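Worth knowing before you read on, the calculation uses all heavy atoms, side chains too, and leaves out hydrogens, waters and symmetry mates. From a predicted model like this one, the values you see are computed outputs, not experimental measurements.
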Amino acid sequence: MGWGHKAAGPYVITGGICSAAGAAAILLFPTLEPPTLASITAAGVVLFIVVAAFVASGAAKRESLSE
């Protein structure tokens with residue numbers, strides 16, 4: 001596995017946890033607006049995936065320059 005994948009792993013896992021937490025919140029709190037919870041969940045997942053992409057890119061770039 002490349003350095004980019006290793007560097008991005010924690011952020012991707014956190015995004016998955018955010019997704020699961022959002023899904024659980026929608027199921028556990030039916031009185032709240034599901035579209036609002038879904039939007040917050042989606043924003044959190046997208047944030048972590050974007051951060052993961054930047055971290056992975058930086059790690060892969062550093063690794064390729066050190067070779």
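A side-chain donor-acceptor contact under 3.5 Å links Thr14 to the backbone of Pro10.
Looking at every heavy atom in both residues, Ser19 comes nearest to Thr41 through CA-CG2, 3.8 Å. Listed here is the closest heavy atom pair of Gly4 and Ala56: O-CB, 3.3 Å. Among all heavy-atom pairs drawn from Ala8 and Ala52, the shortest one is CB-O, 3.6 Å.
Summarising the geometry, atom CZ belonging to Phe48 is positioned 12.0 Å from atom CD1 belonging to Ile13; distances are rounded to the nearest 0.5 Å.
When hydrophobic clusters are built by joining Ile, Leu, Val, Met, Phe, Trp and Tyr residues whose side-chain heavy atoms come closer than 4.5 Å, directly or via intermediates, Leu47 is grouped together with Val55. Val46 and Phe54 fall within the same hydrophobic cluster, where Ile, Leu, Val, Met, Phe, Trp and Tyr residues are linked whenever their side-chain heavy atoms come under 4.5 Å apart, directly or through other members.
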